[in-house]
Amino acid sequence: MFKLSDEGVAYVKKELERYETKRSAIIPCLYRVQSENGGWVSPESINYLSELMDLPVAWINEVFHFYTMFNKEPVGKLHVQVCNNITCCMLGARELTEHISKTFEMGIDELSKDGKITLSKVECLGSCDTAPMMQINDSYHENLTPESAVKIIKDMVHGN
Amino acid sequence: MEIKLLSEHYDKKEFQSLQGYKKYGGYETLKKAFSMKPEQIISEVKDSGLRGRGGAGFPTGMKWSFLPQNGEPRYLLCNADEGEPGTFKDRLMMERAPHQLIEGMIISAYAINSAKSYIYVRGEYNYPIKVLETALREAYDSGLLGKNILGSGFNHDMDVYRGAGAYICGEETGMISSLEGKKGQPKLKPPFPAIKGYLGKPTIVNNVETLAAVKYIIRDGAKAYRKHGTEKSAGSKLFSISGNVNKPGTYEVALGYPLMDLINNECGGMKNGRKLKAVIPGGSSAPILTAEEVQKTTMDYECLAQMGSMLGSGAIIVMDDSNCMVDLLKVTLHFYHHESCGQCTPCREGTGWIHKIVSNIVSGEGRLQDIDLLEKISKQMMGRTICALSDAAAMPTLGFITKFRDEFEFYVREGRSKVKEVMAHA
Amino acid sequence: MPKLTLNGKEIEVPAGSTIIEAYKQLDEPIAHYCWHPGLSIAGVCRLCVVEIEGNPRLQIACNTQIQEGMVVNNNSEKVKTAVKWGLDFHLINHPLDCPICDQAGECELQNQYMEFGKYDPEMAEPKVKKRKVVDLGERVVLDTERCILCSRCVRFTNEVSKTNELGIFNRGDRSEVGTFEDKPLNNKYSVNTVDICPVGALTSKDFRFKQRVWYLKNKPSICTGCSTGCNVNVYYNEEGVFRVKPHYNKEVNGYWMCDEGRDIYKHINRKSRMLRGRYKQNGVWCTTQALEVAKKAGQKLSSFKGEEIAVLVTGQYTNEELNSLVDYSVNKLGSKSVFHWKNNENNWQDFDGHLIRGDKNPNTKGLQGVLQKYAVGGEWKELENQLSKFKAVVVAGPENQSVYFDIKEKIESLKSLECVVWFTAGENSNFEKLSDNSYLIPQKTSVEKNGHFTNHQGLTQKVEEVTTILPEALNLEETVSLMLGNSLDLSIRDKQEMGVLKTNYFSQERGSL
């Protein structure tokens with residue numbers, strides 16, 4: 001059974017008060033659930049959130065499915081998101097994505113064999129002047145080459 | 001030639017903090033604003049000719065004047081959901097000059113008599129959000145936000161709201177829906193947000209750059225601001241330039257600046273000395289310009305409209321002759337297909353349909369009638385929906401297939417790109 | 001009231017009307033899916049486009065308020081082309097499973113395509129696949145692939161039932177309507193979502209695959225499920241009644257009705273009915289025509305004194321019927337001992353705030369009026385306390401037995417009397433327990449007779465004969481008349497029924513295939 005930590009519950013209570021309506025707290029609370037649930041939001045946790053927030057579960061589920069930053073499946077500790085929009089593609093983002101995929105033997109939106117990495121293609125991350133680029137969890141990595149990207153990921157996997 | 005107005009202190013690390021910002025005259029303009037009447041500020045902004053810098057280019061002062069003239073509470077929302085492919089100027093502003101935005105917002109809020117504002121930032125902008133949150137804390141701690149700001153009697157609260165990954169939230173009513181805790185689906189207009197916006201209350205939504213510009217208009221006066229730019233496109237503009245140029249980045253120039261000068265001077269010319277093929281001048285939804293058209297393009301609202309394109313968010317994507325236009329249209333349409341919110345049928349179905357057709361062509365399975373079909377579908381997607389996303393997918397499609405029709409025909413006939421080997425599966 | 005010109009015709013509309021309302025008022029064709037007069041405006045199907053003089057862009061009629069002097073049309077080539085393409089956009093990902101879709105025949109996608117369509121599909125790409133036959137609980141089945149995402153059902157659960165179960169999940173052409181994790185849609189008004197679904201995405205479990213809709217006729221009636229008196233349409237053919245749907249009445253039920261009301265047809269059909277009259281003599285039940293039993297019952301009752309007879313009445317009969325029965329009791333039998341039998345006394349006053357009332361009778365107000373008129377009327381309790389005083393009882397029993405949980409109990413209590421005359425539409429195995437000199441007289445149901453019901457708010461509404469299920473059954477007026485010794489010719493009804501059986505509605509209404 002998924003449950004938020006005490007701090008998590010306190011956070012939800014605070015967010016419910018923070019905006020003009022309770023409903024506005026859905027996005028922040030989904031973020032909280034995602035971070036406490038190992039990087040993704042399970043159906044079970046949506047049910048839990050609905051009860052905790054006292055809001056219809058369909059409302060929460062609509063928001064959950066609408067926004068791409070809420071992960072629908074478990075993801076690795078490193079969520080590698082390579083921008084595959086226009087400028088990045090012009091400058092080799094797809095070749096780079098394929099290189100990462102081959103190196104770590106994983107498909108798009110799939111977990112690597114060791115379960116540590118998920119590779120995703122994402123839309124424009126607003127860093128086109130440093131294309132190609134990727135986001136790993138919350139941080140940007142810019143001006144990449146296939147080799148530098150792989151090195152960054154390897155370093156992170158090894159905790160450097 | 002670059003103008004240093006909004007971007008003047010971008011190079012100074014200390015400008016991020018309140019202390020650093022104050023060193024360069026930060027919040028002095030707010031004091032000046034408080035010495036003025038709200039109506040004076042609105043008329044100054046009107047006189048400045050400032051137009052929305054997010055994409056639509058609607059005159060800011062006029063937008064403000066649509067608010068009802070009564071005591072009803074109203075909201076100010078800062079649109080920092082920068083998502084138009086090719087655009088990154090707002091991110092830079094939030095990272096380098098957060099107080100400049102906050103000051104512009106307090107002045108604007110004072111002008112429209114709003115007690116509450118939100119900065120809606122796209123969820124991926126984790127670092128800018130942290131910077132803004134710190135800046136807001138500093139502002140509260142120094143009495144620049146909250147009750148009776150600087151003894152003016154004006155109260156204002158400001159908060160940051162983090163989006164969660166949806167391009168459509170950059171559309172102002174989509175943003176309002178999102179802030180209300182719903183799917184970011186645009187709302188029917190009328191009523192317009194100035195009458196019924198966030199939670200049904202009068203609401204003004206302005207872009208980051210627009211709100212920051214308000215500070216400089218009040219600081220220097222409308223006349224001084226108007227010294228830059230053209231009659232109908234007043235002031236300076238931050239352009240995000242990316243693609244096959246030597247020095248991509250954000251550059252502030254006067255509106256009306258020649259596009260070729262931007263490419264050759266500010267951006268150091270084409271990378272690897274390759275030949276210019278085309279430019280998308282205003283974010284990926286702006287119809288593409290051929291190299292020939294680029295020669296006579298100046299970066300202002302009128303010229304780009306005349307060229308059948310638009311200034312948009314000021315995102316310039318420069319392409320050299322190594323790019324396959326069929327391939328890039330596929331990439332562009334993948335985006336709109338992915339981002340359509342799904343409520344209006346022509347957009348929901350149309351974005352998927354044209355994306356599938358172009359993908360088929362790229363896979364070597366196109367039919368010759370597909371090119372005409374793309375045109376027919378695109379025309380029926382335009383002007384048919386609640387917001388402009390459908391148009392944003394249709395316009396570049398029409399631009400690409402009209403201006404580079406030979407490449408599309410070649411691709412269909414030969415089953416391969418005329419220009420290069422394309423990763424058809426990716 | 002502003003005036004405007006629609007398709008060249010001048011029309012005056014109430015201030016604040018939208019263009020689509022004006023089209024409806026004028027009965028001019030206009031394509032639309034998402035707009036529904038009982039819901040908020042979504043403006044998403046983009047089909048109700050119109051051209052407004054002076055405006056270069058097409059506008060949607062549902063979200064455009066009428067201004068004095070507007071000149072509007074939806075028959076220009078520009079509009080027609082937009083609508084054609086609008087329909088094609090709806091269709092490109094819609095499965096072509098009409099032959100196995102229960103909505104066929106009343107599908108708005110079919111109907112509007114026939115009227116406004118492009119007839120030249122250009123979609124050559126594979127369709128988006130979505131989930132089919134999703135079980136949404138007791139009454140509704142969902143096919144997400146057929147859904148055109150008009151959002152009517154979602155708005156219904158948010159705005160009308162206020163139960164918020166439904167949502168549209170995901171975005172773009174991956175959008176899917178549904179409940180969270182396929183939770184059941186078991187609210188008390190759920191089938192309204194089926195009614196307002198323009199396509200076969202939401203279908204009724206009870207109705208699906210029972211009949212092709214082109215084999216059904218419908219006529220208006222009143223729901224007898226409770227004292228609200230929702231206006232309904234009854235769908236029927238020679239095999240009986242198949243479904244009940246709400247019929248708009250601003251004063252009573254708006255556009256909606258509850259799910260429970262949808263079930264009232266079940267006790268109307270032959271399967272639940274008392275098909276022939278019965279009476280018990282010397283310990284043996286004899287079966288004969290209803291009118292024969294009525295005559296016998298009348299004769300038997302005349303052998304009792306007025307004070308020996310009690311009458312027990314439910315609010316399940318028309319005003320006309322109740323009047324004739326009470327009049328018979330007071331003026332012919334000489335009994336003023338008339339008692340009101342209510343369904344469950346405990347929740348008699350219940351009301352869910354929308355349509356459902358605890359008083360499960362269509363005509364309680366009417367009954368009270370009749371009792372008052374004859375200055376009679378008591379509660380069941382009073383009758384129970386003085387039961388030994390009576391030798392005979394006449395019961396106008398409930399047509400809808402399913403809401404009278406105490407029917408068995410009542411039969412038990414009354415069987416000690418010398419004579420029981422019971423009017424009933426439905427069969428009930430407990431009737432067997434009645435003693436000698438019991439008379440069971442089959443009654444017509446509300447769809448088989450003419451008359452009036454007075455609902456909880458005192459509004460008297462007409463019911464008209466929709467169809468004949470059981471030609472032999474009588475209404476109360478006929479029964480009383482027979483009990484008084486009058487004769488009745490039922491042969492005409494048999495002919496009517498024969499006529500019904502031979503009718504082919506499809507060829508009658510649509511022309512032959």
Side-chain angles (χ1 to χ4, degrees), chain A residues 15-16 18-31 34 53 55 59-71 81 83-98 101 108 121-131 133 135 137-140 142-143, chain B residues 75 82-92 116 118 122-127 159 161-169 178-185 198-199 201 240-244 247-250 280 284 315 317 319-320 322-323 327-328 331-332 334-335 338-339 341-342 423 426:
Chain A
E15 288 297 305
L16 284 169
R18 179 169 170 181
Y19 311 98
E20 286 74 10
T21 56
K22 276 167 62 177
R23 203 168 176 173
S24 297
I26 295 177
I27 289 179
C29 293
L30 277 169
Y31 271 124
Q34 176 154 295
M53 299 179 77
L55 286 173
W59 292 6
I60 298 179
N61 202 41
E62 278 196 330
V63 170
F64 167 61
H65 280 282
F66 191 81
Y67 297 95
T68 53
M69 289 182 66
F70 300 125
N71 295 314
Q81 301 162 75
C83 171
N84 266 242
N85 212 296
I86 186 159
T87 303
C88 283
C89 278
M90 284 165 59
L91 298 171
R94 285 173 294 186
E95 291 78 2
L96 186 144
T97 312
E98 197 152 276
S101 156
I108 303 302
K121 293 189 203 173
V122 296
E123 299 301 348
C124 185
L125 290 170
S127 192
C128 321
D129 53 342
T130 57
M133 61 79 65
Q135 185 180 22
N137 299 344
D138 278 339
S139 53
Y140 279 19
E142 301 165 309
N143 294 311
Chain B
Y75 293 93
E82 189 172 54
E84 179 72 20
T87 319
F88 44 88
K89 50 149 188 122
D90 294 340
R91 180 171 64 86
L92 209 65
K116 181 74 189 271
Y118 284 98
R122 62 179 298 190
E124 293 88 345
Y125 280 3
N126 191 53
Y127 176 61
D159 205 347
Y161 194 85
R162 184 185 184 190
Y167 166 70
I168 195 60
C169 295
S178 183
L179 187 61
E180 288 170 346
K182 304 172 190 165
K183 296 183 285 182
Q185 292 185 319
Y198 177 55
L199 302 174
K201 296 282 183 293
S240 317
I241 308 177
S242 66
N244 308 120
K247 288 192 291 173
T250 300
I280 294 174
S284 72
I317 303 167
M319 298 162 180
D320 67 23
S322 69
N323 291 289
D327 180 36
L328 291 185
V331 172
T332 303
H334 177 275
F335 172 72
H338 185 253
E339 298 299 335
C341 83
M423 285 178 73

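Residue numbers start from 1 in every chain, and the chains themselves are labelled A, B, ... in the order their sequence lines are given, proteins ahead of strands. All heavy atoms count here, side chains included; hydrogens, waters and symmetry mates do not.
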Best-contacting candidate, [options], against chain A by heavy atom pairs under 4.5 angstrom:
options: Asp159(B), Ile280(B), Thr87(B); result: Asp159(B)
options: Pro85(B), Gly163(B), Gly86(B), Ala166(B); result: Pro85(B)
options: Tyr127(B), Phe335(B), Tyr198(B); result: Phe335(B)
options: Ala315(B), Gly342(B), Cys341(B); result: Cys341(B)
options: Lys183(B), Met319(B), Glu180(B); result: Lys183(B)
options: Pro248(B), Ser242(B), Ala164(B); result: Ala164(B)

At a heavy-atom separation under 4.5 Å, does [X] approach chain A through its side chain, its backbone, both, or neither?
X: Leu92(B); result: neither
X: Asp320(B); result: neither
X: Arg91(B); result: side chain
X: Leu179(B); result: backbone
X: Ile317(B); result: side chain
X: Ser322(B); result: neither
X: Tyr167(B); result: neither
X: Thr332(B); result: side chain

Let me know if [X] has heavy atoms under 4.5 Å from chain B in its side chain, its backbone, both or neither.
X: Ile27(A); answer: both
X: Tyr19(A); answer: both
X: Glu62(A); answer: both
X: Lys121(A); answer: side chain
X: Glu98(A); answer: side chain

- Sidechain N-carboxylate O distance under 4.0 Å for Lys116(B), Glu20(A): yes
- Taking it one step at a time, do Glu95(A) and Met423(B) satisfy side-chain contact (heavy atoms from CB on, under 4.5 Å)? CA-CA 8 Å; Glu95(A) 291 78 2; Met423(B) 285 178 73; 3.6 Å; yes
Under a 4.5 Å cutoff for heavy-atom pairs, which residue among [options] has the most contacts with chain B?
options: Thr130(A), Val122(A), Thr87(A); answer: Thr87(A)
options: Val63(A), Asp129(A), Asn84(A); answer: Asp129(A)
options: Thr97(A), Ile108(A), Leu30(A), Thr68(A); answer: Thr68(A)

Would you confirm whether [X], through its side chain, and [Y], through its main-chain N or O, come within 3.5 Å as a donor-acceptor pair?
X: Glu142(A); Y: Met133(A); answer: no
X: Tyr140(A); Y: Leu125(A); answer: yes
X: Glu124(B); Y: Gly126(A); answer: no

- Show your reasoning for whether side-chain contact (heavy atoms from CB on, under 4.5 Å) applies to Arg162(B) and Asn126(B). CA-CA 9 Å; Arg162(B) 184 185 184 190; Asn126(B) 191 53; 3.9 Å; yes
- Message: Could you go through Asn244(B) and Leu91(A), starting from their C-alpha distance and side-chain angles, then the distance that decides it, and tell me whether this counts as side-chain contact (heavy atoms from CB on, under 4.5 Å)?
- Response: CA-CA 8 Å; Asn244(B) 308 120; Leu91(A) 298 171; 3.6 Å; yes
- Task: Verify whether one side chain among Tyr125(B) and Glu82(B) offers a donor that lies under 3.5 Å from an acceptor in the other.
- Result: yes
- Residues in ring-ring contact (aromatic ring centres under 6.0 Å, His included) with Tyr67(A), at least two apart? none
Supply the atom-to-atom distance [X] [atom1] to [Y] [atom2], rounded to the nearest 0.5 angstrom.
X: Phe88(B); Y: Ile241(B); atom1: CZ; atom2: CD1; value: 7.5 Å
X: Arg94(A); Y: Cys83(A); atom1: CZ; atom2: SG; value: 11.0 Å
X: His334(B); Y: Asn85(A); atom1: NE2; atom2: CG; value: 9.5 Å

- Message: Before you tell me yes or no, could you show the steps for His65(A) and Asn61(A) under side-chain contact (heavy atoms from CB on, under 4.5 Å), namely the whole-Å CA-CA distance, both residues' side-chain angles and the distance that decides it to 0.1 Å?
- Response: CA-CA 6 Å; His65(A) 280 282; Asn61(A) 202 41; 3.3 Å; yes
